[in-house]
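Just the heavy atoms: all of them, side chains too, but no hydrogens, waters or symmetry mates, feed the values below.
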Amino acid sequence: MRLTSVKAMKETDEKAVRDYGVPSLLLMANAAKAVAEVAYSMLRQNRSAAVFCGSGNNGGDGVAAAVQLLRRGVDVRCYLVGERDKMTPDEIKMERRLVEAGGALTDFFPENDKIKVFTDHAGVIIDAVFGIGLDREVLGKPLAAIRLMNASPAPVVSADIASGVEADTGRILGEAVHADVTVTFSLAKIGHFAEPGCICRGRLGIAPIGIPEELLKAAETDVFAVGPEDVTLPRRQEISHKGDYGRLLILGGSVGYTGAPALCAQAASRGGAGLVALGVPSSIYAIEAGRLYEAMPFPLPDDESGKLTTEAQLEIVDRIAASDVCVLGCGLGRSEELSKLVRSVYRMSTKQLVVDADGLFALGNEETTLRMAHVPPIFTPHAGEFLRLGGTLTGDRVSDARAFATSRQCVLVLKGHRTVCAFPDGEAYIIDAGNAGMAKGGSGDVLAGLIGALCCQLPLKRAVVTACWVHAYAGDVCSEKFGEYAMLPRDLLDTIPEAMKRITTDRNEG
């Protein structure tokens, strides 16, 4: 799903009114109708609604939604959180309709206990305080309104985006409404999917409001949200053999870190790679050989601490040459000699590299070093590793990831609650799946194996995005079975088949 920016969305609204003759009041009425429909569907025996409105057009959407609910017999209290002298002309017109319908737009005062009592006992709350235009920290009355809505047991419907979330970045500007449902208009925005604002979204609905399709198409950006409808797995050919599905080489492991390369190799086999080889230090070879059945471990020279040495370089380079993809770093450990080895292999390899964990540590943060790969490398850092690579985290993870990927000409998989996949051409994909149960050592090794396996079988961009989605979705399936506290990375590994089967079945049935 392509997303849009605030600037592009505002320009689109203006063009619809100016160039296509679409009345702005009609756009507002259509937006309000969509919000009111959702709010009305959430009412049960308690048919009352508290509506909080700012002084912009988002507030106008809220006022117009209040009119719709009043006409359907709902007991509505509509509160103006913004300033009256800053109300837009369309919001003023909607206030007149509200009064004509028997309602009123009452000034919001945080100290008014009657407002708190009504909000606490409402059947539903509509949040129309800010919308997508917010770009400053929430203070004063709006902050009090947000806290009041969050404290109420009533379900909350946010108009366009949860108030307090920056639509272009997903940043929470102080505090934000935690909506149960967000009804956004025409196109989804980056802040609906980027962390941390995505946790305020609830269920997302996208409502058409009358903007011509050609204008919406022009408003789309190079940022995508990836959901189940966006992912397909290729059907494996009936007449085929293991060589048709790629040769993957994994280099990792050290004394004390024997689980990481095993998880990576097993995930690669689950991910459909035809042949998986695993190079490990000699001192842990027996452990890996006894643990793995499908993957083929082999020993490499190591030192007394159980880490690979530069003596392994020639064999590693030869093995990479005979492979399609190499995953480098899972459980590798850290030493000066290891860093030298990793950098040499990185410079010499002509195949696709997936660099994870200690492999990233070994590369360091020099841009000239990172750009020495013959093929755009795939880096898979978490936030701390990303900073060490020389990335910056400004609170806008999508832009930060895109800037790094384009400047270093790499593929960046910035792991997190909503992983961001950024590519050298500037495109970015936000993975809309995953959960906190995956925040355990070993989950990243499973992801690296999946990325490596799918890079053996699919074009680069599709492989990375598909692997990250399968990984996150498998985590959600795993959470359904075991819960977020008890689930383990090896449970995640064992859930990959079910996740992939669901994805394949969904696509075949569609």
Side-chain angles (χ1 to χ4, degrees), residues 1-39 51-71 78 80-101 103 105 126-136 142 157-163 165-169 182-192 204-223:
M1 178 197 307
R2 276 189 185 268
L3 307 179
T4 192
S5 67
V6 173
K7 182 175 182 289
M9 196 70 250
K10 287 185 174 180
E11 289 176 352
T12 299
D13 287 346
E14 291 169 2
K15 287 179 182 178
V17 174
R18 183 185 66 241
D19 300 338
Y20 286 75
V22 181
S24 59
L25 209 61
L26 177 62
L27 296 177
M28 182 174 286
N30 289 340
K33 181 179 179 181
V35 172
E37 286 287 346
V38 171
V51 184
F52 291 84
C53 306
S55 52
N57 279 338
N58 188 253
D61 297 334
V63 176
V67 174
Q68 300 259 356
L69 292 176
L70 269 174
R71 290 173 177 170
C78 198
L80 179 63
V81 180
E83 300 173 40
R84 285 196 173 272
D85 60 358
K86 293 183 179 180
M87 289 173 63
T88 64
D90 283 350
E91 186 177 18
I92 292 171
K93 291 175 184 176
M94 286 300 179
E95 183 187 12
R96 293 189 192 125
R97 294 186 184 182
L98 179 66
V99 173
E100 290 169 2
L105 182 60
I126 293 177
D127 156 39
V129 177
F130 286 123
I132 65 173
L134 181 68
D135 59 2
R136 63 189 184 283
V157 180
S158 284
D160 220 0
I161 197 166
S163 292
V165 176
E166 190 173 43
D168 275 348
T169 68
T182 296
V183 180
T184 197
F185 311 130
S186 303
L187 294 169
K189 286 74 182 178
I190 295 168
H192 291 135
L204 180 67
I206 303 174
I209 62 172
I211 295 175
E213 191 62 34
E214 56 265 36
L215 286 180
L216 295 179
K217 194 69 178 173
E220 293 172 335
T221 67
D222 287 334
V223 180

*Separation between CG of D90 and CE of M28, rounded to the nearest 0.5 Å*: 4.5 Å

*Taking all non-hydrogen atoms of both residues, which atom of V165 and which atom of G191 are closest, and how far apart?*
CG1-O, 3.9 Å

*Rounded to the nearest 0.5 Å, how far does CD of E220 lie from CE of M1?*
10.5 Å

*Does the side chain to side chain contact (heavy atoms under 4.5 Å, CB included) test come out yes or no for S163 and L134, once each step is laid out?*
CA-CA 8 Å; S163 292; L134 181 68; over 6 Å; no

*To the nearest 0.5 angstrom, please state how far the CZ atom of F130 sits from the OG atom of S55.*
8.5 Å

*First locate atom CG of L215, then atom NZ of K15, and finally report the distance between them rounded to the nearest 0.5 Å.*
7.0 Å

*asked:* Keeping T221 on the side-chain end and L3 on the backbone end, is there a donor-acceptor pair under 3.5 Å?
replied: yes

*asked:* Is there a side chain to side chain contact (heavy atoms under 4.5 Å, CB included) between E37 and V183? Walk through the geometry before answering.
replied: CA-CA 10 Å; E37 286 287 346; V183 180; over 6 Å; no

*asked:* Assess the residue pair D160 and K189 against the criterion (salt bridge (Lys or Arg N to Asp or Glu O under 4.0 Å)); give the C-alpha distance rounded to whole Å, side-chain angles, the decisive distance to 0.1 Å, and a yes or no.
replied: CA-CA 9 Å; D160 220 0; K189 286 74 182 178; 3.2 Å; yes

*asked:* Run the side chain to side chain contact (heavy atoms under 4.5 Å, CB included) test on D61 and V35 for me, step by step, so that the C-alpha distance in whole Å, both residues' side-chain angles and the decisive distance to 0.1 Å come before the verdict.
replied: CA-CA 8 Å; D61 297 334; V35 172; 5.7 Å; no

*Supply the atom-to-atom distance E91 CD to K86 NZ, rounded to the nearest 0.5 angstrom.*
13.0 Å

*Can you see which heavy atom on V6 is nearest to which on I132, and at what distance?*
CG2-O, 3.3 Å

*Assess whether atom CD of E213 is packed by more than 12 heavy atoms of other residues, nucleotides or ligands within 6.0 Å.*
no

_Reported CD1-to-CG distance for the pair I211 and L27, which is rounded to 0.5 angstrom_ = 5.5 Å

_Tell me the closest heavy-atom pair linking A167 and I161, and the distance in Å._
CA-CD1, 3.7 Å

_Short side-chain to backbone donor-acceptor contact, D127 and S158, under 3.5 Å_ = no

_Nearest atoms (heavy-atom pairs only) where G62 meets C53_ = C-SG, 3.7 Å

*Ion pair present between K7 and E11, side-chain N to carboxylate O less than 4.0 angstrom?*
yes

*Test log, rule side chain to side chain contact (heavy atoms under 4.5 Å, CB included), inputs I126 and L69*: CA-CA 11 Å; I126 293 177; L69 292 176; 3.8 Å; yes

*Do you know the tightest heavy-atom contact between E166 and D135?*
OE2-CA, 4.0 Å

*Where the side chain of T12 meets the backbone of L216, is there a donor-acceptor pair that is under 3.5 Å apart?*
no

*asked:* Looking at A219, is its backbone amide N or carbonyl O close enough to the side chain of T4 to form a donor-acceptor pair, meaning the two atoms are under 3.5 Å apart?
replied: yes

_Closest approach of A64 to M94 (non-hydrogen atoms, all atoms of both residues)_ = CB-SD, 3.5 Å

_For the backbone of A159 and the side chain of N58, can you confirm whether one donor and one acceptor N or O come within less than 3.5 Å of each other?_
yes

